[in-house]
Amino acid sequence: MSVVNQPAPNPILIQIDRLCKSYELTDRSGELISQPVLFDISLTINQGEFIAIMGHSGSGKSTLMNILGCLDTPTSGNYWLSGRNVATMNSNELAHVRNQNIGFVFQSFNLLKRMTALENIAIPLLYAGIGRKESLKRSQAMLDLIGLGKYRDHLPNQLSGGQQQRVAISRALINQPQLLLADEPTGNLDTQTSHDIMTLFTQLNRNQGITIVLITHEEDIATHAQRLIRLKDGRIVQNEVKLSN
Amino acid sequence: MNLLVIIGEALRALKLNRLRTGLTMLGMIIGVAAVVLMLSIGQGAQININNTIASMGSHLLIVVPGATSSGGLRFGSGSVRTLTISDAQAVAELPSIEATAPVISGIAQLSYSANNWSTSITGVTPDYFSVSNWELADGSIFADADLRSAIRVAVLGSVTAENLFGNEDPIGKTFRISNKPFLVVGILAVKGQSLSGRDQDDNVFVPITTAQRQILGNQFPGSINHMLVQAKSSDTLDEAEAEITQLLRQRHRIADKMENDFTVRNLTALATVASTTAKVMAWMLGSIASISLLVGGIGIMNIMLVSVTERTREIGIRMAIGASYRIILMQFLLEALVICILGGLIGVALGIGGAWMVSQSTDMPIVVTFNMIGLAFIFVTAIGIFFGFYPARKAAALKPVDALRYE
């Protein structure tokens with residue numbers, strides 16, 4: 001009976017096993033040299049977690065993020081996303097995963113400059129094969145939800161940094177992914193806006209159960225997360241769950 | 001992703017860089033316009049020549065008096081009238097010959113009421129009209145009986161009829177040739193220019209006997225300027241030529257080692273050469289024009305490569321939010337295709353406009369066929385795919401992480 005009373009552990013979303021990544025570079029004499037970035041990373045992330053990855057620049061945190069987001073491939077080791085081995089997927093399947101299962105938020109927002117806020121949010125829907133009309137309708141609903149409804153026809157450069165990042169987050173969430181990857185999402189924002197964005201993340205995590213992996217180098221931003229992973233020179237040096245926050 | 005949506009995106013991307021798109025498109029516009037214009041001019045020239053050939057009559061030989069020599073002096077072709085009507089009659093009896101038409105011609109002054117007009121008078125036999133493919137517009141031609149009695153009747157070419165009679169109907173009217181009254185019995189249909197550029201419609205045809213005795217008479221009765229000979233078929237032309245040569249040498253009593261005093265010319269062969277030349281010219285013009293199209297295509301590839309490099313980061317973002325290889329490939333390929341096809345449309349319009357202007361300013365018929373336009377479009381699409389594919393593939397094959405990091 002006691003087993004039943006315990007909360008069932010959340011299913012595993014991400015499992016990484018002895019993952020290595022090194023970049024091939026050519027030195028001046030033309031010889032190929034290998035520049036290792038990640039060493040033997042093993043990591044398990046459950047659904048619904050909110051994780052912050054910290055580390056100095058060059059610690060490999062962005063590389064890890066790119067591999068988690070299926071934008072880059074590891075040199076060795078395995079990566080299972082929702083139980084599927086990412087190494088076995090072809091480029092089409094990877095594109096599908098990025099479209100359906102993962103949402104990206106970047107430090108520099110990475111909105112398409114020539115498109116309005118509404119159209120930017122609609123692109124992942126269009127890539128998913130949803131018609132233009134329906135895509136725009138859903139995007140409008142999303143914009144209204146984040147309170148930027150009246151900015152639908154604004155181009156990114158007509159929006160403030162915080163507004164742009166909220167549009168970017170809307171774009172990341174439009175296909176209702178399980179995983180949200182955020183690479184220094186507050187890096188270009190002022191303190192107040194950063195706080196607002198982090199509050200939004202926390203709400204998304206708590207209310208909708210979206211798994212969030214966040215890269216930051218600011219300690220106070222990292223405090224919003226439930227688990228902190230610290231990288232140093234390509235190795236995990238700290239991996240602890242905070243009891244509460 | 002819907003193809004229409006991708007096309008919409010391609011159009012938007014192209015609209016954003018209007019000047020660049022326009023200049024790239026200009027290469028296609030000029031190329032397509034040149035191809036359409038050149039092909040239509042070539043086609044027109046060929047039709048022109050084919051018409052002229054048809055108007056000459058089929059499997060024709062022409063026998064003209066040749067160079068003669070007498071006592072060491074050589075006389076140029078036609079300077080001595082060595083051919084006669086009886087030569088023509090004898091040639092007509094040859095087995096490979098269908099008909100002959102002896103011709104004498106000269107210039108005379110025509111007059112009708114207050115109008116007068118100077119033109120060539122051609123004395124012919126009734127066979128002449130069928131041999132050289134003349135058709136009657138009105139009235140009739142003269143008969144063999146008219147030939148024997150050498151009566152004063154005339155068949156007018158359309159230009160002569162108009163110059164002399166204006167709006168009046170000439171049939172049954174009497175006009176004067178060198179002050180002698182002639183009755184108009186027929187008007188010929190329009191034929192146009194000959195291969196040498198002479199207006200064949202400015203002509204008066206009278207019975208050969210009448211011409212000889214009453215208008216163009218000279219000291220050699222029965223002599224003619226030349227004769228047209230129609231062979232039984234185009235296959236027997238060479239045979240006919242040999243037979244004619246043999247017969248005439250015999251009739252003119254030319255010794256074995258002497259030159260002929262006549263020349264047999266094969267007009268159809270001449271026309272075939274002209275037609276082939278026109279065809280070759282058309283192809284040559286077309287190929288030169290296609291080179292400009294090719295250069296336009298290279299321009300498109302160049303611009304697309306620049307565009308891919310410029311938009312590397314955008315490609316990375318699109319990949320991060322789920323664009324597949326196919327979507328990125330299609331996006332860039334369609335941009336190239338849109339430039340090509342829009343350029344092709346404008347080019348075809350300009351080409352047709354140019355062809356129309358050429359046909360207005362010259363007498364040449366200009367022919368624009370659907371085949372030509374179809375060909376231009378297939379060519380343009382092929383160029384779009386061919387030159388757009390490499391840059392598009394380059395974009396689609398980018399690694400997402402590299403593209404995203406590109407500054």
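To find a chain, count down the sequence lines: A is the first, B the second, and so on, and within it residues start at 1.
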Under 4.5 Å from any heavy atom of chain A - which part of B/Leu4
neither

Checking heavy-atom separations under 4.5 Å from chain A, one finds in residues 14-26 of chain B B/Leu16

Take A/Met65 and B/Val401 through the test side-chain contact (heavy atoms from CB on, under 4.5 Å) and record every step on the way to the result.
CA-CA 11 Å; A/Met65 179 71 102; B/Val401 63; over 6 Å; no

Determine, step by step, whether B/Glu314 and A/Arg114 satisfy the salt bridge (charged side-chain N to carboxylate O under 4.0 Å, His left out) criterion, reporting the C-alpha distance in whole Å, the side-chain angles of both residues, the deciding distance to 0.1 Å, and the verdict.
CA-CA 10 Å; B/Glu314 176 196 319; A/Arg114 304 178 307 216; 3.0 Å; yes

Atom of A/Tyr127, atom of B/Gly322 and distance for their closest heavy-atom approach
CD1-C, 3.7 Å

Ignoring hydrogens and geometry, is there a side-chain-to-backbone donor-acceptor pair from A/Arg98 to B/Met319 under 3.5 Å?
yes

So which of B/Ala13, B/Ala320, B/Ser324 has the largest heavy-atom pair count under 4.5 angstrom toward chain A?
B/Ala320

Counting heavy-atom pairs under 4.5 Å with chain B, which one of A/Ile174, A/Leu112, A/Asn66, A/Ile130 comes out on top?
A/Leu112

Using the ring pair (Phe, Tyr, Trp, His ring centres under 6.0 Å) rule, collect all pairs that involve residues 357-386 of chain B, keeping only residues at least two apart or in two chains.
none

Greater than 12 external heavy atoms within 6.0 Å of B/Met281's CE:
no

Is the number of heavy atoms from other residues, nucleotides or ligands within 6.0 Å of CD (A/Gln176) greater than 12?
no

So how far is it from A/Asp72 CG to B/Asp402 CG, rounded to the nearest 0.5 Å?
7.0 Å

For A/Glu93, is it the side chain, the backbone, both or neither that has a heavy atom under 4.5 Å from a heavy atom of chain B?
neither

By a 4.5 Å heavy-atom criterion (distance strictly below it), what part of B/Ile321 contacts chain A: side chain, backbone, both, or neither?
both

B/Ala323 and A/Ala95 have their tightest heavy-atom pair at O-CB, 3.7 Å

Do the side-chain N and O atoms of A/Ser108 and B/Arg313 include a donor-acceptor pair separated by under 3.5 angstrom?
yes

Non-hydrogen atoms of chain B under 4.5 Å away: do they reach the side chain of A/Leu111, the backbone, both or neither?
backbone

Between the CG atom in A/Asn99 and the CZ atom in B/Arg318, the distance rounded to the nearest 0.5 Å is 13.0 Å

Please determine whether the number of non-hydrogen atoms from other residues, nucleotides or ligands lying under 6.0 Å from atom CD of A/Glu31 exceeds 12.
no

For A/Phe106 and B/Ile317, run side-chain contact (heavy atoms from CB on, under 4.5 Å): C-alpha distance rounded to whole Å, both residues' side-chain angles, the deciding distance at 0.1 Å, then the answer.
CA-CA 10 Å; A/Phe106 302 93; B/Ile317 297 171; 5.5 Å; no

